[in-house]
Amino acid sequence: MKRALVLVVIIACLGAALYMGTTMRAAKSPPPVTEQAQSVYQKMDVLSEDVYRLAKEGKYNEAKKQLAELGTLVASTKPPRGLSLEAVNALTDTVVKAKRAFAAVEAEPNRLIWHALQVRLTIDSLTHESEPLWKNYYNPYQEHVNKMMLLVASRKQNEFARAFTQNLQLYQTLKPAMSIHTPVQNMETLYSIYSFLIQETRKQEYNWEGITNALEELNRQTQIIFLGKEQSTFGLGIPPQSPILIIALFASCIVSGLGYFAWKKYRAENEGRKRERDS
């Protein structure tokens with residue numbers, strides 16, 4: 001009986017520790033955005049959509065005015081807590097560069113649309129963390145990577161250079177939006193890969209083996225960044241906001257412990273009765 005009591009106490013302590021661990025993780029998570037800040041973010045999202053729409057329609061002066069208002073909001077609004085320094089810089093640089101492009105004396109329409117799209121994707125990533133627009137570009141991004149890997153296998157240098165240029169343009173378009181919620185380590189890996197590939201495409205003789213390794217890592221990072229990485233650790237599979245799972249786990253531990261000692265007691269009684277019959 002004492003052993004059963006001790007085991008139940010141990011299980012209870014483990015369950016309490018698990019619950020405290022999950023609540024501590026919940027406490028460390030950033031507080032919810034206030035209603036006032038949320039309304040500002042929503043306004044920024046609408047403005048970025050207007051800038052992109054007006055730029056596509058060729059209404060550059062109107063887009064410029066909307067962009068100026070958006071820049072004022074970005075400058076006066078604190079970014080969400082937990083946003084990395086690199087992400088904050090990417091956000092502000094994207095808006096600043098777009099404003100400079102629209103203020104140019106002789107601005108190229110395609111360049112203005114490109115800046116407007118970059119701003120739109122970046123602000124959308126800031127306001128739509130779960131389903132940002134930039135993740136819709138996974139298919140063309142992956143097609144670029146697959147095409148480059150085929151061209152490397154066939155050693156087609158000129159065609160590979162053109163394919164890489166297309167992918168580089170897409171990467172530069174999505175990069176600010178990616179950096180909002182992508183871990184800094186993954187963004188730095190992407191930067192290293194593209195820096196290496198840029199240097200290789202400027203050479204007369206390509207290092208095909210190095211390019212192959214770089215593309216394999218680029219393919220891996222593409223899967224992680226666009227599709228997410230599955231977590232196989234059991235403890236991380238329990239969201240801190242789900243007490244039902246914690247209670248169920250705790251209850252299953254207690255039931256398992258009690259069931260084990262009930263079985264031990266039943267076995268001991270059977271053995272006692274058997275010894276009595278034998279004697």
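FYI, side chains are in, hydrogens and waters are out, and symmetry mates aren't considered; it's all heavy atoms of this structure.
- Side-chain N or O atoms of Glu86 include none that pairs as donor or acceptor with a backbone N or O of Glu188 at under 3.5 Å.
- Neither Val145 nor Leu150 shares a network with the other; the hydrophobic side chains, linked directly or stepwise wherever heavy atoms of I, L, V, M, F, W or Y lie under 4.5 Å apart, form separate groups for each.
- The backbone N or O of Ile180 sits nowhere less than 3.5 Å from a side-chain atom of Glu129 that would complete a donor-acceptor pair.
- Between Glu57 and Arg53 there is a salt bridge, since at least one side-chain N of the basic residue sits less than 4.0 Å from a carboxylate O of the acidic one.
- Considering only heavy atoms from C-beta on, Leu197 stays 4.5 Å or farther from Asn167 through its side chain.
- Here the side chains of Phe164 and Tyr194 are in contact, with some heavy-atom distance below 4.5 Å.
- With hydrogens and angles ignored, the 3.5 Å screen pairs a side-chain donor or acceptor of Asn89 with a backbone N or O of Leu85.
- In the hydrophobic clustering of this structure, Val46 does not group with Leu91; members are Ile, Leu, Val, Met, Phe, Trp, Tyr whose side-chain heavy atoms approach within less than 4.5 Å, directly or through other members.
- The pair Lys147-Glu159 does not count as a salt bridge, with every side-chain nitrogen at least 4.0 angstrom from each carboxylate oxygen.
- Side-chain atoms of Gln221 and Glu217 form a donor-acceptor pair, as typed in the model, at a separation below 3.5 Å.
- A 4.5 Å side-chain heavy-atom check between Leu174 and Tyr141 finds at least one atom pair inside the cut-off.
- The aromatic rings of Trp208 and Phe160 stand perpendicular to each other, their planes meeting at an angle above 60°, with 30° marking the opposite boundary.
- Using modelled atom types, one side-chain atom of Asp124 and one backbone atom of Leu133 make a donor-acceptor pair closer than 3.5 Å.
- In Tyr138, the OH atom is crowded: over 12 heavy atoms of neighbouring residues, nucleotides or ligands sit closer than 6.0 Å.
- When the side-chain contact (heavy atoms from CB on, under 4.5 Å) test is applied to Ala68, no partner is found at least two apart in sequence or on another chain.
- Residues Leu218 and Leu190 are in side-chain contact: their nearest non-hydrogen atoms beyond the backbone lie under 4.5 Å apart.
- When the shell of 6.0 Å around NZ of Lys135 is examined, it contains more than 12 heavy atoms from other residues, nucleotides or ligands.
- Side-chain contact between Trp134 and Thr173: absent, with no pair of heavy atoms (C-beta onward) separated by less than 4.5 Å.
- Looking at every heavy atom in both residues, Ala101 comes nearest to Ala107 through O-CB, 3.6 Å.
- Between Leu54 and Tyr60, every side-chain heavy-atom pair lies at or beyond the 4.5 Å cut-off.
- Gln223 and Gln142 form a side-chain donor-acceptor contact under 3.5 Å, judged by distance and modelled atom types alone.
- With a 4.5 Å cut-off on side-chain heavy atoms, Arg120 and Val51 do not count as touching.
- With hydrogens and angles ignored, the 3.5 Å screen pairs a side-chain donor or acceptor of Arg155 with a backbone N or O of Val152.
- Under the 4.0 Å criterion applied to side-chain N and carboxylate O atoms, Lys203 and Glu200 are assigned as salt-bridge partners.
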